[in-house]
4 protein chains.
Amino acid sequence: MVKRPDARRRSEKSRRAIYDAALSLVGDVGYPRTTVEGIAARAGVGKQTIYRWWPSKADVLLEAFLDLGERVAEEAGQQPYRIPDTGDLAADLKAVLRATVDELLDPRFEAPSRALAAEGLVNEQLGREFVAKLLEPQLQLYVERLRSAQEAGQVRAEVDPRIALELFVSPLAQRWLQHTGEISHTYTDTLVDYALHGLAPR
Amino acid sequence: MVKRPDARRRSEKSRRAIYDAALSLVGDVGYPRTTVEGIAARAGVGKQTIYRWWPSKADVLLEAFLDLGERVAEEAGQQPYRIPDTGDLAADLKAVLRATVDELLDPRFEAPSRALAAEGLVNEQLGREFVAKLLEPQLQLYVERLRSAQEAGQVRAEVDPRIALELFVSPLAQRWLQHTGEISHTYTDTLVDYALHGLAPR
Amino acid sequence: MVKRPDARRRSEKSRRAIYDAALSLVGDVGYPRTTVEGIAARAGVGKQTIYRWWPSKADVLLEAFLDLGERVAEEAGQQPYRIPDTGDLAADLKAVLRATVDELLDPRFEAPSRALAAEGLVNEQLGREFVAKLLEPQLQLYVERLRSAQEAGQVRAEVDPRIALELFVSPLAQRWLQHTGEISHTYTDTLVDYALHGLAPR
Amino acid sequence: MVKRPDARRRSEKSRRAIYDAALSLVGDVGYPRTTVEGIAARAGVGKQTIYRWWPSKADVLLEAFLDLGERVAEEAGQQPYRIPDTGDLAADLKAVLRATVDELLDPRFEAPSRALAAEGLVNEQLGREFVAKLLEPQLQLYVERLRSAQEAGQVRAEVDPRIALELFVSPLAQRWLQHTGEISHTYTDTLVDYALHGLAPR
DNA sequence: TTTTAACCGAGACGGTACGTCGGGTCTTTAC
DNA sequence: GTAAAGACCCGACGTACCGTCTCGGTTAAAA
C-alpha cells in the first residue's frame, strides 16, 4: 500500500511556483535539459515536494501546461469556447485555423507543447492523457461545427465529421510537429479549400 | 580540429552488432531506457566504439533504422520504389496506404520509428535528418503520382501536390503517432475518398 | 530569543512513550539507523513534540538512558548506592566489578550505552554530559571506597584514588567498548589483584 | 555475484587525493559533518570513484588513517618499531607513554582517530578492523617488552602481559577518548608507578 | 614481410541527475 | 487549545549513465 499525501494540506504557493518554474525552464533550456532538480531550484522548493505530487517531470509539465491553458482562458473571460458559426463554413474554418497558426507560432507555447507531444509519443500513459485533456476537446469543437454544417447542407450527410476534421487539422499538426513544411495563413486556407472541394475536378 | 577516425579500418562486425543491439533494446525496454552503455554491452562492444562513429544514441538508432529499411527492401528484391499507376488514382492511393497501415502495425517497426519520431520533435537536427532521409522520399512518391494524375485530368491542375498529399498522409500519421484514433484499411480508404471528392456536396 | 516551552504543561505520557520508543528502537535496529522520525512514529507522537524538548536524538537517548537507570535503581528499592565496605578491599572491589560485568553483558544496556559512549566521543558536549551524569558518579563511589581503604592502611597514603581506580575500571571499559578482549569475572578479579599488588615482584 | 573493479587500473592520484581530502575534511568540520560528497568534491573526484573502492566513509577514513600512519612511519625512516629495552622497565614504559601522550595531543591525529574509534564502537566490523590493524599491533609491543622484563625478573612470572599492559594503557585511552581527565606526562608516569608497585603497601 | 598505427573491448574516470531518506521547521486538522 | 500528523525546504545518500580517457590486444595498412 502506498502512502498518499494529504491533498488538503498541499501548499498552493509551491504548486504555482513549480508550474511557473517548469514552464520557464522548458522555455529557457529545452525539455531534455530541464531537470526535476532544476525545477525545484528555480521554484525555491524541495525536490521531495515535486516527487510527492507528481511521478515524473513529464507529468509536472503536462499539469503546468493545462493550468497555463486554463489561466489564459480565464483571462480571456471565457464562456465555453465554440467555433464561430456564421453560416459560411469555409470562412469559419479558415478563421479558426489562422488563430491556431498564430498560437502555434507563439514562443510561449512552442517549447512546452512540443515537449509534451514528444514525450507523449514514447510514454503511452502520458500520451493518452495529453490527447484526452488537450487535443480531443479541441477536435470536438470541429466535430460540432461540421455537424451543424451537415444540417445546413454544406457538408455531405454521409461524411464522418471526426475523420473529416483531420483533413485540415492533421496536416497542420504534422507540419508543425515534424517541421515538414512551413505553416502560414495561406497554407491553412488552402487546406480548407482542398478539403471542402476535393482534389478531383468537379 | 577534430580527429576523424579512419573509416576504412572500421569493423563491419561491430557496426552490425550495434545496429542489432540498438533495435532490439529499443524494442525490449523502450527508447528512454535504452542507453549507450546498454547498447555497447548487448553488442559486446566498447562504449568508445559507439562514440567514435556516432554522436548520440539517437543517431545510432536512426542509422540502424535506415539500415533495417534497406535490408528489408533488399529482401523484397526491389527496384527503386514507385507508387503503382494503373490509371485509377483512388485505387492506387488506397493500395499504397493499406500497405503503409500494415507496415505501421508491424511490431518490428513500431518502437524504433516512434522513438525516432519523438526524438525528432525535440532534437531539431535529428528531426531534419529523419524527415529528409525517411519521410520526404516517401512523400515525394505521392507528389509524382499526383502529378501524373493531374496530367491525366484526374486532379485539378491548380492543386499543389505537396499539400494535397497531406490530406490523406497526415491524418494517418497523426493517428498512429499520437494514438488519436484507430488505423485500418477502411479508415485510409475513407481518407482517400474524402480527399479526392471533398466534404461539400458536388 | 528562543521560545521556551512551558515545562509545566508537558505531557508525561508522551515523555514516557518517547523514552520507551527510543530505547527499544536502538535495541532493535542499532543507533545509527534509529531516527527521530522513527522514535516519533513508534511513540505515536509528532516529531515536533520531540524537537520541542530535546535538541537531538542523542540527547533523547541520554535522558532515556538516565531514566532507565533511575527506574531500575528504584525497582531495586535503593538508598543512594555505595560500594560495600567489609574491610576486605580486594573482595569488595571484585564483587562490584563482577556486578558491573554482569550489567555490561545485559543486552538491555548494551546497545544504548555503547551508542551513547560512541556519540560522546565525537560530540563533545554530549560526551561531557554523559561523563558527568553517568560515569563520574560511578567512579566517585570507587574514590570513596579507596579513601576508606587508605584510612584503614590497605592502600598507600600517597596514592591518588581518582587515578588508582582507573587501574581496574579503565581496562574493563576499554575491553567492553572496543572489543579488545573478553570480559569475565576472572578477568576483573585479575585486574584487582594486579592493581593492588603491582606487577613487580614484592 | 558482485562486479569487482579492476584494481590494476586504479588511479593512484585519485586515491591519494581522496585520502588527503578525507583527513583534512574530518579535521576541518568533524566526522559527522564529513560527507562522501564533500570528500569527493574536495578531492576533485566523482562520487562513484569513492563508492567503487570503499563501502562507506568510515572505511575511507580508516584506510586514509592507516596510510597516514605508514607515511609518517616512513618519513621517520623506520625499522619495525619496538619499545626500547634499557633494562629499566619503568623508565622505558614512561618514555613510550610520554611519546604516546604527545601523539594523542597532536591535532593532525586527534579528529580522525577519535572519529574512527567512535565509529568502531557502533560499527562492529569496522571496530574489529580498527583494533586489529591499529590497536593490537601497538599493544603487542608492550607484551614483548613485558615478557623481556619477566625474563629479567622485573615482573612476576605469573603475570599475564596482555592484561598487565592494560593497567597503564587503558586508563590513558579512556581519559583521551572520553575526556574523563587530563592527560600529561606526569599522569602516565604515575600510572606506571602504580601499576608496577601496586596500590597496597609493600 | 615486417612494422606500426588505429581500431577494438574493457572499464575507470570526473560529472550530473536521479529518486529516496531523514533532519529540523512550520502549518493544518482533529481530538 | 494542544499536540498528532505531516507538508515543507534542505542536503546527503547511493545508483545509473553520460561522454572522455587510458589500457592491452588485435588487425590491417604502409613501408
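Just so it is clear: chains get the letters A, B, ... in the order the sequence lines come, proteins before strands, and each one is counted from 1. Basis for what follows: all heavy atoms, side chains included, without hydrogens, waters or symmetry-related copies. In this text the structure is predicted, and so the values were computed from the model without any measurement.
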Please tell me if the side chains of [X] and [Y] come closer than 4.5 Å, counting only heavy atoms from C-beta onward.
X: A:Q178; Y: B:L121; value: yes
X: C:R42; Y: C:L25; value: yes
X: C:E63; Y: C:D67; value: no
X: D:W54; Y: D:I18; value: yes
X: B:P5; Y: B:R10; value: no

F:dA3 OP1/OP2 closer than 4.0 Å to side-chain N/O of C:S14: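 No, outside the criterion.
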
Below the 4.0 Å mark, does E:dC7 have OP1 or OP2 next to a side-chain nitrogen or oxygen of B:R10? no

Calculate the interatomic distance between [X] atom [atom1] and [N] atom [atom2]; express it in whole Å.
X: B:I18; N: E:dG9; atom1: CD1; atom2: C1'; value: 11 Å
X: B:W54; N: F:dG19; atom1: CH2; atom2: P; value: 15 Å
X: A:R52; N: E:dT27; atom1: CZ; atom2: C1'; value: 13 Å
X: A:R15; N: E:dT27; atom1: CZ; atom2: P; value: 19 Å
X: C:K57; N: E:dG24; atom1: NZ; atom2: P; value: 9 Å
X: A:I50; N: E:dA17; atom1: CD1; atom2: P; value: 14 Å

Within residues 112-119 of chain C, those residues having any heavy atom closer than 4.0 Å to DNA chain E are none

Do side-chain atoms of A:K133 reach the backbone of A:L62 as a donor and acceptor pair under 3.5 angstrom? no

Under 3.5 Å, side chain of C:R114 to main-chain N/O of C:L177, donor-acceptor pair present? yes

Salt bridge (charged side-chain N to carboxylate O under 4.0 Å, His left out) contacts in which one or both residues fall within residues 118-127 of chain C, not counting sequence neighbours: C:E124-C:R128

Trace of the side chain to side chain contact (heavy atoms under 4.5 Å, CB included) decision for B:D6 with B:R9: CA-CA 6 Å; B:D6 181 347; B:R9 315 190 51 174; 3.5 Å; yes

Passes side chain to side chain contact (heavy atoms under 4.5 Å, CB included), C:T35 versus C:K57? Steps please. CA-CA 7 Å; C:T35 66; C:K57 76 168 170 177; 6.0 Å; no

Calculate, to the nearest 0.5 Å, the distance between atoms CD and OG belonging to C:Q125 and C:S56 respectively. 8.0 Å

Validate the cation-pi geometry between A:R15 and A:W53: distance from NZ or CZ to the six-membered ring centre under 6.0 Å, angle to the ring axis within 45°.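 No cation-pi geometry.
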
How would you summarise protein contacts on nucleotides 26-31 of chain F per nucleotide, using B for base, S for sugar-phosphate only and - for none, with heavy-atom distances below 4.0 Å? -BBSS-

Candidates A:L23, A:T34, A:L68 - the one meeting side-chain contact (heavy atoms from CB on, under 4.5 Å) with A:P112: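 For A:P112, the side-chain contact (heavy atoms from CB on, under 4.5 Å) check succeeds only for A:L23.
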
Kindly calculate the angle separating the two end axes of the helix from E:dT1-F:dA31 to E:dC31-F:dG1, each obtained from five base pairs, and round it to 10 degrees.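 End-to-end axis angle: 20°.
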
Between A:W53 and B:Y51, whichever has its closest DNA chain F nucleotide further toward 5' is A:W53

Residues passing the ring-ring contact (aromatic ring centres under 6.0 Å, His included) test with B:F109, sequence neighbours excluded, are B:F65

Let's see if you get this right: which residues in residues 23-49 of chain D place a heavy atom under 4.0 Å from DNA chain F?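 Heavy-atom contacts with DNA chain F come from D:T35, D:V36, D:E37, D:K47, D:Q48.
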
